[in-house]
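Residue numbering restarts at 1 for every chain, and letters A, B, ... go by the order of the sequence lines.
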2 protein chains.
Amino acid sequence: MQLEEGKEKFIQAWGTLGSSWGINRTMAQVHALLLISPEALSTEDVMQELNVSRGNANMNLRALIDWGLISKELRPGERKEYFVAEKDMWKVAKQVIRERRKRELEPMLRILEELKQVEGNKAEKETQAFTEAIGNLHDLATKADKTLNTMLRADEHWFLSSFMKLMR
Amino acid sequence: MQLEEGKEKFIQAWGTLGSSWGINRTMAQVHALLLISPEALSTEDVMQELNVSRGNANMNLRALIDWGLISKELRPGERKEYFVAEKDMWKVAKQVIRERRKRELEPMLRILEELKQVEGNKAEKETQAFTEAIGNLHDLATKADKTLNTMLRADEHWFLSSFMKLMR
DNA sequence: TAAAACTTTCAATAACTATTGAAAGTATAA
DNA sequence: TTATACTTTCAATAGTTATTGAAAGTTTTA
């Protein structure tokens, strides 16, 4: 396979994967493009490579910065902004985990805590089933949260060796 | 908080969480409804509780069966089909992991393996960057795949004790 | 201060995804 | 076999989300 075909396939695949994880298709494609780019790219470059409008490119570059997956690079004497992706895939994974934990897991935990306060006839099956489901979910979410938190705080070496054990 | 309000909130929250994970909103809501229901529910029940059409209810119940998250329950002498959700949250989590691994991680691994074959001027920066990014991603994906696989094969006790260690 | 080189915004619109509901299909009972 | 009680399908439509591109905004340079 030639490089151009490979690039195309990768950008496509990353975009599709993104979609099934609730991530905007173009955002995932811009990320893919920057992941395999040896140089920082400008908004213009992104527009050209992906055939998207200026507004779209700009908005998704900003979103990626927001997620902490890419950063601006300013070149001395140049006015244009360039963008580079973090290339260390373990750092990328950690960052995605960190953000989703903050954006989704934590809010869900708050809601589950609220829902644990539901009063109602304790004798009723409806109330019992609700309370039990919420309680179990809260337990699982708490465990997941602690596990992720520990993983994220750990340095790479610690994580890898722990996971090597998990993997036998 | 009263039970009805709590149910409403939970169904709502689960639907929203689902959306941000690429899961159809109604599918997640039907799942939430069944998770907290002490009894199996019929299509009619789901239609009423969530105010959705027959077609929608039917399609999402089928999708949940497909994901292995709910099952049909037939009552002797009754023609209608009833549905129950798996209530053990760890089993639910495992099932979701199993399905997503099969539907997303494995296909992505196949693509990355294909992309490792990209030829091109080894001296070129472009090719080098591509090859390196794909290689690193493939390594990470392989590790994730093995880890998940081990987790899924393990019984609950093994898993919990391993993760307790990870969590200190 | 004005012009140039850029970035950001946002209303309009396109593209995509979910939902409806009536019709068709299927299985059971009489 | 026909009627009944359901389930499933699918074309039409509604609803949602993404994209465009021109206009407004910002920063730098001269």
Could you run through nucleotides 12-24 of chain D and give me one letter per nucleotide, 5' to 3': B if any protein heavy atom sits under 4.0 Å from the base, S if only the sugar-phosphate is that close, - if neither?
-> ------SSBB---
Specify the residues of residues 63-86 of chain A, ordered by number, for which at least one heavy atom lies under 4.0 angstrom from an atom of DNA chain D.
-> A/Arg79
Quick one: do A/Glu114 and A/Arg110 make a salt bridge, cutoff under 4.0 Å?
-> no
Give the rounded distance in Å between these two atoms: CE of B/Met47 and P of D/dT8.
-> 13 Å
Is the NZ or CZ atom of A/Arg98 positioned over A/Trp67's six-membered ring, under 6.0 angstrom from the centre and within 45° of the axis?
-> no
Rounded distance (Å) that lies between atom P of C/dT7 and atom CZ of A/Arg62 | 12 Å
Any salt bridge (Lys or Arg N to Asp or Glu O under 4.0 Å) involving residues 21-34 of chain B? Give me the pairs, sequence neighbours left out, ordered by first then second residue.
-> none
In whole angstroms, the gap separating C1' of D/dT7 from CG of B/Leu41 amounts to 17 Å
Carboxylate-amine/guanidinium proximity below 4.0 Å for A/Lys125 and B/Glu39 = yes
In terms of heavy-atom contacts, A/Lys87 and A/Ser37 come closest through NZ-O, 3.2 Å
Heavy-atom closest pair, residues B/Ala133 and A/Leu35 = CB-O, 3.6 Å
Before accepting this row, confirm whether a basic side-chain N of the pair B/Glu99/B/Lys102 lies closer than 4.0 Å to the acidic partner's carboxylate O.
-> yes
Can you tell me how far the OG1 atom of A/Thr43 sits from the CZ atom of A/Arg54, to the nearest 0.5 Å?
-> 7.0 Å
Euclidean distance, atom CD of residue B/Glu44 to atom C1' of D/dA5 [Å, nearest integer] = 10 Å
